Amino acid sequence: MAVLRRKLFFVLVLFFLYIFCSCTSAPMGEEMKIVPPKNMSTPLQGKWEIVKCMSQEEGLIEKVEKDSWLNKYAQFKDSFAQVGNYSWDNVSYKIRVVDAHEYFLFKFKEPINKLGINGREIYVITLSADGNFLFEFVKVDENKVLADIDGEIYCLEKISDNVDENIISKVNSNKQQAIEEESKDEIIRTGLLLGIRTPEKTDSSDEGENYKYSYRTMWIAAENSKLHPVLEADGIYLPRKNGFWSIGLSRVQFDGIEEDILTSVSISSKSKVDKEKNEKDIISNYGANNEGLFTFSDFWSDKKGVLYKTIQFVGNDFICIETYGKGYYKDTKKEWQERKLMTIPVDNISRREGVKISDIAGENGTLAMETSINNLLSTSNVKKIKPIDIIDNERSFSLFRKTGHWVFKGRINFQPDDAIPFIDFNINLIPPADLVAYDTLHVKWTNIKDKVPRALDAYTSPNKDIAVVLTGNELLVYLINGDNLSDTPVKKLSLKEGDTVVMAEWARGSYMEKWENSFKKNNIIRNVD
């Protein structure tokens with residue numbers, strides 16, 4: 001009988017443990033909530049009309065003047081999407097639940113009561129095609145959504161659960177095209193956002209090591225091989241899968257410390273002034289403690305000195321930098337120095353430690369890095385030098401340009417008292433899509449050198465219509481004729497001494513117009529002659 005009671009007690013304990021565990025779960029942040037679909041239909045299924053425009057420049061007040069997007073339609077079904085005159089047949093949707101107040105204050109700097117939103121949580125639906133960001137919709141209710149288009153907030157109202165099937169039949173597979181386009185000749189649109197780094201010698205520069213750099217972005221676009229005016233703006237204007245971002249770098253000085261601070265700001269398209277204010281706020285608030293006193297990070301807890309950063313490459317999700325630091329330790333007065341390569345996420349641009357090459361390229365990245373390091377250490381001139389940390393070297397890599405392609409380079413850092421502080425080496429590895437979205441030369445490098453003997457670098461468009469060739473002091477735009485460049489460049493632009501490209505992002509089709517409009521809307525632009 002006692003045995004039976006013990007068994008019954010054991011079964012009851014298991015039963016209550018099961019009930020208890022089934023009723024509890026770990027808390028989850030607002031941004032990370034998984035949203036189970038109510039059905040398998042498209043999140044925005046149906047036909048919508050664009051009925052209202054609210055200007056961000058005017059604080060989300062309804063615009064009364066005529067707008068090119070008003071009274072047009074948006075339609076969604078499966079992987080098909082149409083917004084205004086443009087359509088895509090390979091669209092993917094990403095849904096997330098966010099806090100309504102936080103979302104609108106962060107993205108648009110406006111309270112939600114102006115938009116008729118009452119709930120605490122909202123659905124945000126992001127549309128992309130071929131890895132390119134298209135639009136972001138906010139679902140107010142089942143029959144009303146908001147969209148950010150060309151820097152304005154548009155209200156869409158649902159008019160049907162069905163779409164016009166004849167519209168879908170007009171879409172040419174995998175290509176964006178104007179639905180109302182009557183011409184049979186395809187319009188080839190190409191755009192290039194080119195990020196450029198320029199050295200600026202300062203009073204503290206010595207032996208070329210302490211240069212301060214400025215950054216600018218150039219916009220080069222062509223329609224049916226006819227160039228648009230070339231434009232440029234300060235800073236790096238980066239297109240990402242979730243919209244456009246501004247990448248900046250500012251030098252901060254305080255109490256014997258000097259450091260370059262990287263910033264990455266999502267562009268809400270509210271205004272050019274607002275974008276600049278966001279970047280300045282990040283710098284002015286950098287390191288502020290609870291008492292409001294300015295202080296640097298833990299990196300400087302035991303040392304004084306300088307820490308400069310140089311951007312080597314900017315991509316959709318990652319940025320590669322080189323650091324140059326030197327100074328002394330507070331307690332011992334002993335000197336310290338560093339010269340590192342790092343690759344860091346754009347979404348966490350302030351981190352002190354770079355990602356490992358395996359985080360981006362997997363096991364192939366680790367093997368390629370180890371092989372290159374072993375080959376380097378086996379050479380006679382460095383075999384007696386002891387590296388600081390072989391394991392840490394997996395984080396020491398960056399992308400550089402070489403004969404028209406982005407290539408991996410690694411760095412081995414040695415002990416401070418060694419005659420050789422570091423050695424760079426090539427890594428035999430093709431950069432994956434997480435780093436470089438497009439890196440193809442449609443004209444052979446030998447053909448480019450035959451046409452432009454002074455060529456140092458070149459970029460060719462995915463449309464195979466234009467090529468951008470850089471020499472030591474010029475940027476040349478050529479048309480592409482088959483496997484060769486045109487006889488003469490269609491545009492010649494002067495470059496500043498030491499100019500280096502750190503970003504090259506191509507847009508095609510309707511993306512070209514979206515990028516150009518966004519670039520003009522969110523930057524103080526200059527025409528480049």
Side-chain angles (χ1 to χ4, degrees), residues 130 132 175-176 185-198 216-232 236-237 239 312-315 399-407 430-431 433 435-513 515-516 519 526-529:
D130 298 323
N132 292 290
K175 292 183 180 180
Q176 305 86 31
D185 296 326
E186 182 183 6
I187 297 178
I188 300 176
R189 298 182 178 91
T190 297
L192 173 64
L193 284 172
L194 202 67
I196 300 175
R197 183 186 75 222
T198 302
R216 69 187 190 277
T217 301
M218 191 175 291
W219 171 249
I220 302 169
E223 190 167 331
N224 283 346
S225 300
K226 183 178 180 180
L227 283 186
H228 288 201
V230 179
L231 309 173
E232 71 175 15
I236 300 296
Y237 197 69
Q312 303 290 347
F313 166 82
V314 178
L399 288 184
F400 294 84
R401 290 294 291 184
K402 181 180 180 181
T403 61
H405 293 286
W406 292 106
V407 297
I430 297 175
L435 271 182
V436 181
Y438 176 80
D439 191 31
T440 302
L441 270 185
H442 291 297
V443 179
K444 293 181 180 178
W445 180 251
T446 53
N447 292 354
I448 293 173
K449 290 290 286 185
D450 287 343
K451 182 72 66 174
V452 190
R454 298 179 295 115
L456 301 175
D457 196 5
Y459 304 81
T460 61
S461 82
N463 284 330
K464 304 179 183 179
D465 57 337
I466 64 170
V468 175
V469 180
L470 283 79
T471 69
N473 57 3
E474 282 187 315
L475 184 152
L476 309 172
V477 182
Y478 285 86
L479 302 181
I480 297 178
N481 298 324
D483 296 329
N484 291 288
L485 304 178
S486 56
D487 291 336
T488 58
V490 294
K491 191 74 174 180
K492 286 185 178 182
L493 300 171
S494 298
L495 291 175
K496 300 176 183 178
E497 183 179 357
D499 272 353
T500 303
V501 171
V502 298
M503 180 190 75
E505 296 286 341
W506 291 96
R508 294 190 291 172
S510 62
Y511 295 115
M512 184 271 276
E513 294 176 296
W515 288 22
E516 183 166 281
F519 187 69
R526 304 179 292 270
N527 286 304
V528 184
D529 298 323

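None of the values given here were measured: they were computed from a predicted structure.
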Between [atom1] on residue [X] and [atom2] on residue [Y], distance to nearest 0.5 Å:
X      : Y      : atom1 : atom2 : answer
Tyr438 : Tyr459 : OH    : OH    : 12.5 Å
Arg197 : Ile236 : CZ    : CD1   : 10.0 Å
Lys451 : Ile448 : NZ    : CD1   : 11.5 Å

- Message: I'd like to check the salt bridge (Lys or Arg N to Asp or Glu O under 4.0 Å) partners of Arg401; sequence neighbours left out, ordered by chain and number.
- Response: Asp439, Asp457
- Message: Using the rule side-chain contact (heavy atoms from CB on, under 4.5 Å), only one of Leu192, Leu231, Leu493 pairs with Met218; which is it?
- Response: Leu493
pair [X]-[Y]: side-chain heavy atoms closer than 4.5 Å:
X      : Y      : answer
Ser225 : Ile466 : no
Pro239 : Leu193 : yes
Glu223 : Ile188 : no
Val468 : Leu476 : no
Leu475 : Leu194 : yes

Which pairs of donor and acceptor atoms, one on a side chain in residues 496-505, lie under 3.5 Å apart (sequence neighbours left out)?
from   : atom 1 : to     : atom 2 : distance (Å)
Asp499 : OD1    : Thr198 : OG1    : 2.4
Asp499 : OD2    : Arg216 : NH2    : 2.9
Asp499 : OD2    : Lys496 : N      : 2.8
Thr500 : OG1    : Gly498 : O      : 3.2

- Task: Verify, without hydrogens or angle tests, whether Thr217 (side chain) and Gly195 (backbone) share a donor-acceptor contact under 3.5 angstrom.
- Result: no
- Side-chain donor or acceptor of Thr460 paired with backbone N/O of Thr440 under 3.5 Å: yes
Show the nearest heavy-atom pair for residues [X] and [Y], with the distance to one decimal.
X      : Y      : value
Ser461 : His442 : O-CD2, 3.1 Å
Ala458 : Leu441 : O-CD2, 3.8 Å
Met512 : Ala221 : SD-CB, 4.1 Å
Arg189 : Asn463 : O-ND2, 2.9 Å

Table please: side-chain donor-acceptor pairs of residues 477-492 below 3.5 Å, with sequence neighbours left out.
from   : atom 1 : to     : atom 2 : distance (Å)
Asn484 : OD1    : Asn447 : ND2    : 3.4
Ser486 : OG     : Leu479 : N      : 3.2
Ser486 : OG     : Thr488 : O      : 2.9

- Taking everything shown except Lys449 itself, do over 12 heavy atoms lie less than 6.0 Å from its NZ? yes
- Task: Under the ring pair (Phe, Tyr, Trp, His ring centres under 6.0 Å) rule, what do Phe400 and Trp406 come out as? Steps first, then yes or no, please.
- Result: CA-CA 6 Å; Phe400 294 84; Trp406 292 106; 8.8 Å; no
- Taking atom types as modelled and ignoring hydrogens, do the side chains of Glu232 and Trp219 form a donor-acceptor contact shorter than 3.5 angstrom? no
